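Here is the structure we will look at.
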Amino acid sequence: MAIEDIAYCGGCEVAIADLGEDLLKLLQEKIELVYAPILMSSREYDQVDVALVIGAARNEHDIKLIKRARENSKVLIACGSCACFGGIPSLANMYGKEELLANAYENAPSIEEKTVTPSSHVPGLVEKVLPVSEHVKVDYFIPGCPPPPPIIKDTIVALLNKLQG
Amino acid sequence: MKKEINLEPVTRIEGNIKVRIELDEVGDVVDAHAHLTEFRGFETFLIGRHITRVPFIVPRICGVCPTPHHLASAKAIDAGLQVETTETAKMLRELMLTGGFIHDHTLHLFVLAGPDILLADMPPERRGFVELNNRFPEVVKEVVGVRAVGQRIVATLGVQATHPCTAVPGGISKNLSKKDRDNLLNQVKETKEKVIGWYDKVIPVFEKFADGYKGLGGLETNFVGLVNDDNLDLYNGRPRIVDKKGAATEFEPSDYLKYVAERTVEYSYAKRCYIKSAGLQDGMYRVGPLARVNVAENSLGEHSAKLLKEFKSKYGAPAQETLAYHFARYICLVYAVERAEQLLEDDKIVSMNIRSPVNIKSGEGVGIVEAPRGMLIHHYRWDSNGYITMANLIVPTTQNSYPIDASMKKVVERSIRKGKVDETKLWHETGAVIRAYDPCISCATHTITIIREGKHRQLLK
């Protein structure tokens, strides 16, 4: 299994960590976790049975990661409200990216010199923050902000049981 | 021919960071920078939201540390409405915050930073929670248990552990029952024994690691953190600046704009924060565990007070050693557990007097708390109906991204000479310095960018 993080807060990963001892048991008995940047150090992954995508697509880099997750997985799950529906980051769609950047980098009262807005060596923002299913086919959705830990576990276990026959 | 090396993704941090290294014709380092690559824009989506809803939206800045965002927001609104929360509400909010610290610091010490230190003999790309559990199943079991107690405190007071939702203008919407209090108190007492027990088992390994890399990622900076009468404090304290020589200045939260300022950087979604009077260069400051132990003289917890003395005699005051962040983080974990016990032992915590009356009127307020990664500032203005017209958020990782960025060049130079790159060392040392700060890119890139050590590592023209 791989966990791909895009524009996210980390709360879904914390919900997974909150499985606690159940998680340790799953990792020993059922799941081989090959990629999860927040929890481990592997820097890439190849074919996996299940890819869990967490977060909404905020920038161009996020879209690349979503496509990679689709290509590399048999089953793709959108986990959490951001991945399923756009979530809180998609509130941005009410404003447009120029206004978002201006409020963060020009209009904030603590900024002394209003000169540059980040533009080089950082991924460009896309016009609209969209859920994962607007970019690739999603097989299953686990909604919630964050989804309750037992629901994440039951979903993954049921899928793995099916895939592993 | 000029070359560039990109290290991405930097793993085991919360978010996306990229490290970019520029080399000259002979292959020596010209410069290196950390780029935070995420951006979400919470300052904007808060505009037009009602102040009673804001404390529920801002935890989504960060799922790892939602509690301090929730509470800084509630404090900012209380301040702007000039409402004094009841004593019990203050205690419950502070207890919730200590729960967040117990969860977060345990997670970072063992899952995020720990693998570099406890699994130092493994190749960097294999280090992580899974291998840690294979090798130290007993320690991991204890860690999982301690973290769960932290989360249980937040869940009991805040309804859910990730994204608590009970702090409201004027206080808190859920009281603590006597039964829940007794339950939590028992668990906190057991947790305290375990956490204090780590001092002998784990801290020497962290210390040895820090001693082996003296000066790695070294900087001379100022520090900012909260204190309450010279003591460590997470919720009620006032911000104190300690300069490079150790001189202290305290200020009121509502005056923060007179003391700290920010400047934008073209290559990162993180801004540079600095002490206003000292200017961009000399005003660089750090926040988080190292800052907290540097600004505090003492602690009201017995063990954390002893540890604080030991720390100061070993690393000096103010301590500048970057890898000492880990020991400092352990002290803050001990303090959080001790403080949780003190709060739970006080019978006032089960009082039903949990909310002061609130009248909605126009206002402006600043709320500051310690988040696990450092001082967190929320500042809002709203109209007479209570709708937000301006929001400014200064989060710990934004404040620490300037020192992280400033230390990168010296760190990468140790692994690159005349075009020869020692990749294992480069990943290891860059990761060790970045992780010392426990950067949370989600927070910083509410407006943040993160660097990831990893897959997209590539040599480019």
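Residue numbers start from 1 in every chain, and the chains themselves are labelled A, B, ... in the order their sequence lines are given, proteins ahead of strands. Because the structure is predicted, anything quoted here is derived from the model rather than measured.
- Contacts between B:Gln160 and chain A at a heavy-atom distance below 4.5 Å involve the side chain alone, from C-beta outward.
- Side-chain contact check for A:Val14 versus B:Arg147: some heavy-atom pair is nearer than 4.5 Å.
- The backbone N or O of A:Pro89 sits nowhere less than 3.5 Å from a side-chain atom of B:Arg60 that would complete a donor-acceptor pair.
- Heavy atoms of A:Glu32 lying under 4.5 Å from chain B are absent altogether.
- Side chains of B:Glu262 and A:Ser110: a donor-acceptor N/O pair is present below 3.5 angstrom, by distance only.
- For a residue to count as touching a neighbouring chain, one of its non-hydrogen atoms must lie under 4.5 Å from one of that chain's; by this rule B:Tyr259 does not touch chain A.
- Neither the backbone nor the side chain of A:Cys12 comes within contact range of chain B; no heavy atoms are under 4.5 Å apart.
- B:Asn133 is not listed as a side-chain neighbour of A:Leu27, based on a closest heavy-atom distance of 4.5 Å or more.
- Both the backbone and the side chain of B:Ile47 come within less than 4.5 Å of a heavy atom in chain A.
- Using a 4.5 Å cut-off between heavy atoms, B:Arg272 makes no contact with chain A at all.
- There is no contact between B:Arg381 and chain A, counting heavy-atom distances below 4.5 Å.
- Of the two parts of B:Ala261, the backbone and the side chain both hold a non-hydrogen atom closer than 4.5 Å to a non-hydrogen atom of chain A.
- Interface remark: B:Ala161 contributes side-chain atoms only to the contact with chain A (heavy atom separation under 4.5 Å).
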